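Report on one structure; see the data block that follows.
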Number of protein chains: 2
Amino acid sequence: MRVLYVEDAELLAGAVKHNLEKQGITTDLANNGEDGLDLAVKDIYDCVILDIMLPKLSGTDILKRMREKNIQTPVIMLSALSEVETKVGHLDKGADDYLAKPFKTAELIARIKAVVRRPKTVDAGIIKYGDLALDKTNATLNGEQLTAKEVEIMTEFMKNPENLISKEHLLVKVWGEGNICDDNYVETYISRIRKLLKRIKSHVKIVTVRGLGYKIMEK
Amino acid sequence: MRVLYVEDAELLAGAVKHNLEKQGITTDLANNGEDGLDLAVKDIYDCVILDIMLPKLSGTDILKRMREKNIQTPVIMLSALSEVETKVGHLDKGADDYLAKPFKTAELIARIKAVVRRPKTVDAGIIKYGDLALDKTNATLNGEQLTAKEVEIMTEFMKNPENLISKEHLLVKVWGEGNICDDNYVETYISRIRKLLKRIKSHVKIVTVRGLGYKIMEK
DNA sequence: GCTAGAACTTAAACCAAACTTAAAATCTTT
DNA sequence: AAAGATTTTAAGTTTGGTTTAAGTTCTAGC
């Protein structure tokens with residue numbers, strides 16, 4: 001088991017690391033938010049423990065960025081503040097548990113185990129942009145069922161939000177290199193997807209850039 | 001959302017019930033362990049909240065009996081004691097979360113939501129979804145006898161409710177890696193299972209996602 | 001404001017994927 | 001070894017995503 005602990009109080013961090021490792025939990029430390037986010041993104045951990053008050057980037061921000069990047073590692077938030085609202089807020093923002101400072105290492109270990117033991121969300125192939133969430137594994141956009149081609153097109157847009165994507169690019173990615181290219185394929189599907197976006201009342205729009213292609217933007 | 005709250009301090013129980021219901025969470029109350037266990041066994045809840053110190057049967061006992069009976073409803077334990085060991089112990093015995101008294105209702109609500117949101121634990125012999133209960137040890141679905149292959153297929157669906165499952169996945173899981181793959185195996189069985197679902201008048205449907213696979217959903 | 005090319009929309013046709021059914025083969029049980 | 005249950009095979013049918021095509025609307029440049 002391997003965890004990341006992002007904490008600026010170095011004395012505390014060292015003590016916790018020592019205690020966790022006594023229990024066989026390898027612990028990486030970061031003493032500021034930027035380094036923490038960096039490690040959380042680069043390396044694979046079983047669990048990430050985030051202090052909220054941190055230099056450079058708060059724990060809340062790290063959590064947010066991680067989930068944006070689609071990293072679904074379990075996260076436990078730590079804070080000296082015991083305000084209930086904060087707790088509620090974090091759990092809703094994608095944290096898996098919350099622990100108030102000061103805490104006993106035994107309790108932290110229990111929480112880590114509980115959180116790691118939970119079955120993984122099957123493989124969160126979810127890409128988010130604006131108010132949209134594309135679930136590639138389930139082929140749904142905000143819960144609406146999509147067809148295979150619709151998924152592939154939306155993937156291209158959502159992987160490159162606000163970036164121009166040419167019809168040729170879509171033809172290659174979705175229909176494959178070999179096939180004869182007819183822009184009307186793309187146009188037909190764009191039309192259908194726009195209808196869908198309107199139906200689900202999304203604020204995200206597919207904008208046409210005449211002669212060049214399309215891009216998605218928030219209204 | 002519907003929860004059961006087992007608590008002998010009636011004043012507290014009433015207040016919590018009131019606050020939960022304000023948030024749209026239907027709350028059943030029991031003021032002793034026996035009634036609590038009874039309700040937990042008979043009715044279907046999204047979450048069960050157990051005080052530990054209770055007349056007749058302790059919260060710990062209720063938890064134990066529930067898990068023995070293979071009821072996998074999420075459980076949150078409450079206690080005035082804040083000893084870490086107790087917390088650790090309960091989490092290891094199958095509780096899903098732990099909250100120390102006194103607590104604020106907002107915090108309880110956050111925990112309930114977090115715990116309900118988690119994907120279901122499955123290893124157990126009985127898996128439930130919607131109005132279906134698949135008993136793997138007896139090979140029955142709502143009492144109807146199933147064949148071995150039918151059980152395995154339903155297991156895959158019910159372990160991942162509302163999630164897309166491809167034919168290839170089913171072929172591997174049910175027929176094994178080595179075998180020659182013919183989608184028609186899956187199709188014939190899906191057809192039979194659909195007939196069965198109709199016969200028992202279940203609200204659960206197997207939905208086809210053309211080109212991608214199947215998923216189960218409540219009508 | 002006119003025009004031509006680009007982009008959009010719609011509906012119908014097509015065809016591979018999915019469904020159903022029943023009979024043959026295989027495995028189990030007595 | 002026969003009876004019964006389950007699984008596999010096969011063939012005919014249906015369905016719906018994709019393609020095709022035709023008509024309409026938009027937009028940039030004159």
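Convention: sequence-line order gives letters A, B, ...; per-chain numbering from 1. The model shown is predicted, which means the values in this text are computed figures rather than measured ones. Computed over heavy atoms, backbone and side chain alike; hydrogens, waters and symmetry mates excluded.
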Does a side-chain N or O from [X] land closer than 4.0 Å to OP1 or OP2 of [N], or not?
| X | N | result |
| --- | --- | --- |
| B:W175 | D:dT8 | yes |
| B:K167 | C:dA18 | yes |
| A:T147 | D:dG17 | no |
| A:Y189 | D:dT18 | yes |
| B:K195 | C:dT21 | yes |
| A:Y214 | C:dC8 | yes |

Please report, rounded to the nearest Å, how far the [atom2] atom of [N] is from the [atom1] atom of [X].
| X | N | atom1 | atom2 | value |
| --- | --- | --- | --- | --- |
| B:L170 | C:dC19 | CG | P | 12 Å |
| A:D183 | C:dC8 | CG | P | 10 Å |
| A:Y185 | C:dC8 | OH | P | 18 Å |
| A:L146 | D:dT18 | CG | C1' | 15 Å |
| B:L197 | C:dC19 | CG | P | 13 Å |
| B:E187 | C:dA16 | CD | C1' | 12 Å |
| A:I190 | D:dT25 | CD1 | P | 21 Å |
| A:D182 | C:dC8 | CG | C1' | 13 Å |

inquiry  = Reading DNA chain D from 5' onward, which residue's closest nucleotide shows up sooner: A:E150 or B:R192?
reply    = B:R192
query = Knowing that exactly one of B:I76, B:L20, B:T26 qualifies, which makes a side chain to side chain contact (heavy atoms under 4.5 Å, CB included) with B:V3?
reply = B:L20
note = Nearest heavy-atom contact between A:F157 and A:I216 is O-CD1, 3.5 Å
request  = Kindly check if the number of other-residue, nucleotide or ligand heavy atoms within 6.0 Å of NZ (A:K215) is above 12?
outcome  = no
message = Just checking B:K167: does its NZ atom have more than 12 heavy atoms from other residues, nucleotides or ligands closer to it than 6.0 angstrom?
response = yes
ask   = Tell me, which of residues 201-212 of chain A have any heavy atom that sits under 4.0 Å from an atom in DNA chain D?
value = A:R210
message = Let me confirm one number: the CG-CE distance from B:L50 to B:M66, rounded to the nearest 0.5 Å.
response = 6.5 Å
ask   = If you check every side-chain atom of A:T188, which of D:dT20, C:dT21, C:dC19 has the closest atom?
value = D:dT20
message = For the backbone of B:H203 and the side chain of B:D131, can you confirm whether one donor and one acceptor N or O come within less than 3.5 Å of each other?
response = yes
message = Please determine whether a side-chain nitrogen of the Lys or Arg among B:K42 and B:D38 lies less than 4.0 Å from a carboxylate oxygen of the Asp or Glu.
response = yes
query = Between the base of D:dA10 and the side chain of B:N184, is there any donor-acceptor pair under 3.5 Å?
reply = yes
